[in-house]
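Numbered from 1 within each chain, the chains take letters A, B, ... in sequence-line order. Every heavy atom of this structure was used, including side-chain atoms; hydrogens, water molecules and symmetry mates were not.
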Amino acid sequence: MLQEAIREIQRGSAEIIDSQRIEKLLKAYFEEGKNYTVKAGFDPTAPDLHLGHTVLLQKLATFQKYGAKIQFLIGDFTAQIGDPTGKSATRKTLSAVEILENAKSYEEQVFKILDPLKTEVVFNSEWINPLGASGMLTLTTTFNVARMLERDDFDKRYKSQTPIAISEFIYPLLQGYDSVHLKSDIEIGGTDQKFNLLMGRHLQRAYEIGKEQAVLMMPILEGLDGVQKMSKSLGNYIGVADAPNDMFAKVLSVSDELMWRYYELLSTKTLSEIEVLKAGVAEGSLHPKRVKEDLALEITARFHSLEVANAAKEEFERVHAKNEIPTEMEEFSVDGEISITKALVDCGLTPSTSQARRDIKQGAAKINQEKISDEQLQLGNGEYILQIGKRKFAKLKVNA
RNA sequence: GGUGAGUUAGUCAAGUGGCCAACGACGGCGGACUGUAAAUCCGCUCCCUCCGGGUUCGGUGGUUCGAAUCCACCACUCACCA
């Protein structure tokens, strides 16, 4: 049992610092029922979460399973500085109201994964504001510039003579101080957070709180393309707020290789269960598509419901396996006869009439499931189901 | 402040007076094959209802029958020097 817990905690992690300490905490939990705290920090800017973000949350949920109390920290104070990523996008400061709103929408999304009873949501302005100038000064005496410059992006910027604001040095210190105040046993974060996470250890030692947090870093999740990190701007993401049908379809469109990665980082299946699946696929007794469907179902159900997820699966089968049309699609209506190319543009199936013509020429366009080839076709009175490619549909009503 | 190099479609990148709506690569889209996987093969990839036409190559103006290509000025980026 303990061994399994350790394996599940380590699962998918990129790096663990002081894993012995984690093992000790787990042991204390299993043998004496002792709880411990795991801290994770989040930005208070508008949370538009995608699966990449949930990798951390998933790990926190695993910790909860094994006796952890989560310190879900919203960095409302530190957000005023902005983590020094070097991109130096001056941050707009959020009002107290905005921060509260964002925190609320975090909770809505986050508690689909985390157990609210074992989660404490905290704001770091609460203890950083009272620090005052002298507290701040004390904090800065714990560290020196040379060591600060060891941080990778500071190092690069210093060498390339790109400006570094003094306030940026404060950021890691404050993040570390959060761990002092919260007396965290463990902190988790992305690999890019290594320096800041280690600062927590350093400061806990400096402030002599009698413990040094262990650190667990999770890798960055790859996006749908399997190469670049999942991000909204790259358009290769699965948003936690995505519609069930989209979510299901997106997971299923992932490559087989990436599927295992997603299993490791996102599924609640245990490692041994996953091993069984892998073995089944390897020896050919289990079809990879089946395995992927299970994953898609699990993920869709997590953010919607099992019922809805099952419906999404059926819909998917209907549209793609059986080549039928979806049960629901966007509906449009126009008055008067309309040419097919214009109709396709108006329904948003195609970005321009030129593109519409090309699509028709290539046999990608269908009306009521019939392939069309006449790009000058006029649509008269009636209802039509327009289709481009395999996945773009729209219903058009012409009143002529 | 000085000197030099550069700015081309979603990205990278050819093109240095007409054959340029502009090579190529990547990405994207469509088709075939499939498990809407991967791999592979084929086609498309500025806009306009076809013929054909229109608007593009940092911006503005100019030279020319004709400019992405030449000239002038402006803007921005990078490198070296101060």
If you measure from the [atom1] atom in [N] to the same atom in [M], how many Å do you get, rounded?
{"N": "C78(B)", "M": "U16(B)", "atom1": "P", "value": "27 Å"}
{"N": "G43(B)", "M": "G24(B)", "atom1": "P", "value": "12 Å"}
{"N": "A79(B)", "M": "G17(B)", "atom1": "P", "value": "31 Å"}
{"N": "C41(B)", "M": "C51(B)", "atom1": "C1'", "value": "33 Å"}
{"N": "A21(B)", "M": "G52(B)", "atom1": "C1'", "value": "15 Å"}
{"N": "G18(B)", "M": "C70(B)", "atom1": "P", "value": "11 Å"}
{"N": "A25(B)", "M": "C80(B)", "atom1": "P", "value": "34 Å"}
{"N": "G54(B)", "M": "A22(B)", "atom1": "P", "value": "15 Å"}

For [X] and [N], give me the distance from atom [atom1] to atom [atom2], rounded to whole Å.
{"X": "Lys342(A)", "N": "C48(B)", "atom1": "NZ", "atom2": "C1'", "answer": "13 Å"}
{"X": "Arg357(A)", "N": "C50(B)", "atom1": "CZ", "atom2": "C1'", "answer": "7 Å"}
{"X": "Ile388(A)", "N": "G30(B)", "atom1": "CD1", "atom2": "P", "answer": "9 Å"}
{"X": "Glu317(A)", "N": "G35(B)", "atom1": "CD", "atom2": "P", "answer": "11 Å"}
{"X": "Asp374(A)", "N": "C50(B)", "atom1": "CG", "atom2": "P", "answer": "13 Å"}
{"X": "Leu224(A)", "N": "A38(B)", "atom1": "CG", "atom2": "P", "answer": "11 Å"}
{"X": "Glu375(A)", "N": "G30(B)", "atom1": "CD", "atom2": "P", "answer": "18 Å"}
{"X": "Leu286(A)", "N": "G35(B)", "atom1": "CG", "atom2": "P", "answer": "15 Å"}

So does [X] get a side-chain nitrogen or oxygen closer than 4.0 Å to the phosphate oxygens (OP1/OP2) of [N]?
{"X": "Arg358(A)", "N": "C47(B)", "value": "yes"}
{"X": "Ser339(A)", "N": "U49(B)", "value": "no"}
{"X": "Ser354(A)", "N": "C48(B)", "value": "yes"}
{"X": "Ser352(A)", "N": "C48(B)", "value": "yes"}

Notebook entry, point to check: Hey, does the Lys NZ or Arg CZ of Lys250(A) hover above the aromatic six-ring of Tyr237(A), less than 6.0 Å from the centre and inside 45° of the axis?
Noted result: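 Geometry flag: set, cation within 6.0 Å and 45°.
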Notebook entry, point to check: Want to settle it: does Ala364(A) or Ser253(A) sit nearer the 5' end of RNA chain B, counting the closest nucleotide to each?
Noted result: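 The residue mapped nearer the 5' terminus is Ala364(A).
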Between the base of [N] and the side chain of [X], is one N or O donor paired with an acceptor at under 3.5 angstrom?
{"X": "Lys390(A)", "N": "U34(B)", "result": "yes"}
{"X": "Gln362(A)", "N": "G43(B)", "result": "yes"}
{"X": "Asp225(A)", "N": "G27(B)", "result": "no"}

Taking NZ, NE, NH1 and NH2 as the nitrogens, is one of them in [X] or [Y] under 4.0 Å from a carboxylate oxygen of the other?
{"X": "Lys65(A)", "Y": "Asp115(A)", "value": "no"}
{"X": "Arg302(A)", "Y": "Glu298(A)", "value": "yes"}
{"X": "Glu107(A)", "Y": "Lys104(A)", "value": "no"}

Checklist line | Ring center gap for Phe143(A) and Phe169(A) short of 6.0 angstrom | finding: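 No, the ring centres sit 6.0 Å or more apart.
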Check: Can you tell me if Thr119(A) and Gln64(A) form a side-chain donor-acceptor pair at under 3.5 Å?
Finding: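 Yes, Gln64(A) and Thr119(A) have a side-chain donor paired with an acceptor closer than 3.5 Å.
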Next item on the list: When you get a sec, tell me which of G30(B), A37(B), C50(B) is the closest nucleotide to the side chain of Lys292(A)?
Entry: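 Nearest nucleotide to the side chain: A37(B).
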Margin query: For A39(B), give the paired nucleotide (Watson-Crick: N1-N3 plus N6-O4 or O6-N4; G-U: N1-O2 and O6-N3; both under 3.5 Å), or none.
Written below: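 Partner of A39(B): none.
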